Protein chains: 2
Amino acid sequence: MTDKKVKKADIVAVANAAKVSASTVSRAFNHPDLVNPATRKRINRAVEKLGYIRNRAAQAIHGRRNATIGLIVPTINHAIFAEVIQSFSDAIDEAGFTLLIASHGYSLEREYDMIRKLMEHRVDGIALVGLEHSEATFRLLRQQEMPCIAIWNYSGTSDMPCVGADNREAGRLAARHLLQAGHRDIGLIFPSIEGNDRARQRLEGAMEEIRTHGVEVRDAWRQESPYSITLAKQAVRGMLDSDQRPTALVCGNDVIAQGAIFGVQSRGLSVPGDVSVIGIGDFNGSLDMEPGLTTVRIPAEDIGKVAGQRLTGLILSETREMFRYRCDLNCIVRGTTRPLT
Amino acid sequence: MTDKKVKKADIVAVANAAKVSASTVSRAFNHPDLVNPATRKRINRAVEKLGYIRNRAAQAIHGRRNATIGLIVPTINHAIFAEVIQSFSDAIDEAGFTLLIASHGYSLEREYDMIRKLMEHRVDGIALVGLEHSEATFRLLRQQEMPCIAIWNYSGTSDMPCVGADNREAGRLAARHLLQAGHRDIGLIFPSIEGNDRARQRLEGAMEEIRTHGVEVRDAWRQESPYSITLAKQAVRGMLDSDQRPTALVCGNDVIAQGAIFGVQSRGLSVPGDVSVIGIGDFNGSLDMEPGLTTVRIPAEDIGKVAGQRLTGLILSETREMFRYRCDLNCIVRGTTRPLT
DNA sequence: GCATTTTATGAAAACATTTGCATTACTATT
DNA sequence: AATAGTAATGCAAATGTTTTCATAAAATGC
């Protein structure tokens, strides 16, 4: 009676208060149809009164599901991932799951650690960004038979189920748009491709398309820049200061494109008058820029939603079936590119 | 031996493989100093070989900590929250915690549900955005004695520990900057203040400051707009189309400011030539706009980091001490405002 | 070489819950 | 009224780990 160490209510406390056994309380939660409505009511009242909160941990111990899904992203602080995280979160929430999230800052080493961490929490499934992961990661996922899905990237021959876009195609589309507009002096600004298959494939796709058109890209016109407006701005300036400057730029994503545009403008040149710029992604906000950014749209919201639905489906159905979902890409022409006259 | 139903390795499997008891294995994890280095090595080899992964759920059942912290945000898909989530995540990761995240889409009802959900997962602590929450939420947190912290908002008289900025002050600073620059015809674009104490206080602060200067704000110059570039753009257009237009705009945050700028430009007017615009937040990217956005900087990264450190500290120390951390605000003058000559 | 302390380990209880099996009390069928 | 079937509930075992207590072995002090 001393409220010194007032123990938190557990299931037996509820059971006592409702004058039933713990089993019945448990059943009232997990198989409500098996318990008498009147009893159920009594139990609910007791729960209410005692402020009882179920313990998922104690459920998980019984091999039951945990109702958590782990998502590992390179970084949360990035428009495009934020968007995909949000729609993924909403989709799994719909199915009653909670999101356990971790970020690794573009290190596949750390990604592995994060996966282990999520597994210690006995998540019911894991979603990763991209299809490129360390050998240890693949081994671990296989060995633990963890339902998993790769988002953001599509490949017809992936080991994991995936929901995403064909990034090589995205790169191709971006380059093609410029080439078809008559551009031949094309610069490229992409992030480091280290541990980032999305960037690598986009770059490869773009280069491929350019070469197919018999066009060469000068070394000076290939710049590396992280996903940062400031740094992209700097990177593009270097390119413009050489005596020869490109008439068009393919950018690794919309953030880089944004930076590139500012870089061009800060040199007193105009977009698209002097330099056309195309991005990849179609981030929230790219539409609203002035001029609107021409870009290859990757439907982040779709990807998150479909991935969430598929992964929860996989978990609930207890199957491990393979599936690959490729979302459509299209080049959205707005105001930052123009045909070379 | 039939590998039909290969049971996942548990602690006793490891114990057997290492020829020790389960207790020793457990100790090897939790109190390594208590077990012989040689034995520890044997155990580690067994863990490695069997691919054993510890079960946090089974630990949590012992009242031990879970090493998870719950964070509930209105939305993930928002530059500013993404930034704060990232730094919060990094800070708690540093202390060995994992982030369980949920979003409620600006509904305090749903926020309550999410808190319950996190509690079912026996998170060790909870961080919420803002200081305005439902009565049920406060009751629940108090009753469960959950370590918690409010981020993003500071108040000297808050019930919860908090780490954030004084949003009223932020509003005041923004307005003051314009007033000191000689503006008297000032428009305001803020989101709905429903369940959003940050926005409400900013608006109140701004209005307060304006009135203090003996200036009135016309009704037509007070527009509501969500945190969306497109919608803010529309909202500001309405304001500009009336025969009288303001010479300066205070915007609820940087996203709205961005939209406002585009809106002004799309009417053939110039920023800051015809209309000065000030935002609040200093998002990633506001620096890099052309012209750079004048704004009241709220150090999101700081807030996330400090909040993460304080909350983990609270949990680890097992105390419930109150603290309130107010971060500095300053008005960063860039290119979108100018003195009225 | 004995008593004492320290170090390393194991056995068993505890944790909060679920679940298979058993039991009881009804209801329906003949 | 006897039987079979069903609905509602309880008992007890099981889950994977931690922790307390006990014990054995080794190290230390004299």
Side-chain angles (χ1 to χ4, degrees), chain A residues 5-44 46-47 50-68 116-117 119-124 144, chain B residues 5-44 46-47 50-68 96 116 119-124 144:
Chain A
K5 196 74 190 175
V6 21
K7 284 263 294 168
K8 292 269 162 54
D10 64 0
I11 204 171
V12 309
V14 174
N16 291 337
K19 304 212 184 305
V20 291
S21 74
S23 346
T24 306
V25 178
S26 172
R27 263 187 295 258
F29 281 121
N30 301 301
H31 314 281
D33 43 315
L34 291 183
V35 18
N36 190 316
T39 319
R40 219 156 55 205
K41 209 162 200 172
R42 245 179 25 252
I43 292 174
N44 283 335
V47 166
L50 298 174
Y52 169 67
I53 295 197
R54 304 166 68 182
N55 190 335
R56 294 268 176 198
Q59 299 185 256
I61 224 177
H62 282 264
R64 294 193 115 239
R65 272 189 286 276
N66 209 357
T68 25
R116 280 198 77 97
K117 203 164 152 181
M119 283 178 167
E120 289 186 0
H121 287 286
R122 293 294 186 272
V123 293
D124 299 322
Q144 299 291 320
Chain B
K5 196 76 191 173
V6 292
K7 284 264 295 166
K8 292 271 161 55
D10 63 0
I11 204 172
V12 308
V14 173
N16 291 338
K19 304 206 186 305
V20 292
S21 74
S23 343
T24 307
V25 178
S26 173
R27 263 188 296 260
F29 281 121
N30 301 302
H31 314 281
D33 43 315
L34 291 183
V35 21
N36 190 316
T39 320
R40 219 156 55 204
K41 209 163 200 170
R42 248 183 17 256
I43 292 174
N44 283 335
V47 167
L50 297 173
Y52 168 68
I53 295 197
R54 302 167 69 184
N55 189 336
R56 292 268 176 198
Q59 299 184 256
I61 223 177
H62 277 264
R64 292 194 113 237
R65 271 188 286 275
N66 210 357
T68 25
R116 280 199 78 95
M119 283 179 168
E120 288 187 1
H121 287 287
R122 292 294 186 273
V123 292
D124 299 321
Q144 299 291 320

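Each chain gets a letter, A, B and so on, in the order its sequence line appears, and its residues count up from 1. In this text the structure is predicted, and so the values were computed from the model without any measurement.
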Trainee: Compute the bend angle of the helix from C:dG1-D:dC30 to C:dT30-D:dA1 from the end axes (five pairs per end), rounded to 10°.
Mentor: 30°
Trainee: Strictly by salt bridge (charged side-chain N to carboxylate O under 4.0 Å, His left out), give each pair with a member in residues 14-34 of chain B just once, sequence neighbours left out.
Mentor: none
Trainee: What nitrogen or oxygen pairs link the protein and nucleotides 6-12 of chain D at under 3.5 Å?
Mentor:
from	atom 1	to	atom 2	distance (Å)
D:dT9	OP1	A:T39	OG1	2.5
D:dT9	OP2	A:N36	N	3.0
D:dT9	OP2	A:T39	OG1	3.2
D:dG10	OP1	A:S21	N	3.4
D:dG10	OP2	A:S21	N	2.7
D:dG10	OP2	A:S21	OG	2.9
D:dG10	OP2	A:T24	OG1	2.5
D:dG10	N7	A:R27	NH2	2.8
D:dG10	O6	A:R27	NH1	3.3
D:dC11	N4	A:S23	OG	2.9

Trainee: Could you state the atom-to-atom distance from CG of B:D10 to P of D:dT18 in whole Å?
Mentor: 12 Å
Trainee: Name all residues meeting the salt bridge (charged side-chain N to carboxylate O under 4.0 Å, His left out) criterion together with A:R65; count only those two or more places apart in sequence or in a different chain, and write none if there are none.
Mentor: A:E318
Trainee: Answer whether the closest heavy-atom distance between the side chains of B:V47 and B:F29 falls below 4.5 Å.
Mentor: yes
Trainee: To the nearest angstrom, how far is B:K8 atom NZ from D:dT15 atom P?
Mentor: 15 Å
Trainee: Does a side-chain N or O from B:H31 land closer than 4.0 Å to OP1 or OP2 of D:dT18, or not?
Mentor: no
Trainee: Only distances under 3.5 Å count here; give the side-chain donor-acceptor pairs of residues 37-44 of chain B to other protein atoms, sequence neighbours excluded, each with its distance to 0.1 Å.
Mentor:
from	atom 1	to	atom 2	distance (Å)
B:R40	NH1	B:P32	O	2.5
B:R40	NH1	B:V35	O	3.3
B:R42	NE	B:A18	O	3.0
B:R42	NH2	B:A18	O	3.1
B:N44	ND2	B:R40	O	3.4

Trainee: To the nearest angstrom, how far is A:H121 atom NE2 from D:dG16 atom C1'?
Mentor: 16 Å
Trainee: According to side chain to side chain contact (heavy atoms under 4.5 Å, CB included), who are the partners of A:R64, at least two apart in sequence or on a separate chain?
Mentor: A:N30, A:H31, A:Q59, A:H62
Trainee: Within the pair B:N30 and D:dT18, is there a side-chain N or O less than 4.0 Å away from OP1 or OP2?
Mentor: yes
Trainee: Which part of the nucleic acid, if any, lies within contact of B:F29, taking any heavy atom under 4.0 Å across all strands shown: a base, the sugar-phosphate backbone alone, or nothing?
Mentor: nothing
Trainee: Sorted by first residue and then second, give each salt bridge (charged side-chain N to carboxylate O under 4.0 Å, His left out) pair with at least one member in residues 50-62 of chain B; sequence neighbours left out.
Mentor: A:E120-B:R56
Trainee: Would B:S23 and B:S26 count as a side chain to side chain donor-acceptor pair (under 3.5 Å) here? Give the steps.
Mentor: CA-CA 5 Å; B:S23 343; B:S26 173; over 6 Å; no
Trainee: Could you list the residues that satisfy side chain to side chain contact (heavy atoms under 4.5 Å, CB included) with A:N55, not counting sequence neighbours?
Mentor: A:A57, A:A58, B:R122
Trainee: Could you state the atom-to-atom distance from CD1 of B:I11 to C1' of C:dA11 in whole Å?
Mentor: 14 Å
Trainee: Going by heavy atoms closer than 4.0 Å, what residues in residues 56-65 of chain A are next to DNA chain D?
Mentor: A:I61, A:H62
Trainee: Minimum heavy-atom separation for A:L50 and A:A17, please, with both atom names.
Mentor: CD1-CB, 4.0 Å
Trainee: Name all residues meeting the side chain to side chain contact (heavy atoms under 4.5 Å, CB included) criterion together with B:T68; count only those two or more places apart in sequence or in a different chain, and write none if there are none.
Mentor: A:L100, A:H121, B:N66, B:T98, B:V123
Trainee: Tell me the closest heavy-atom pair linking A:A22 and A:V12, and the distance in Å.
Mentor: CB-CG1, 4.1 Å
Trainee: May I have the distance from A:R122 (atom CZ) to D:dT17 (atom C1'), rounded to whole angstrom?
Mentor: 11 Å
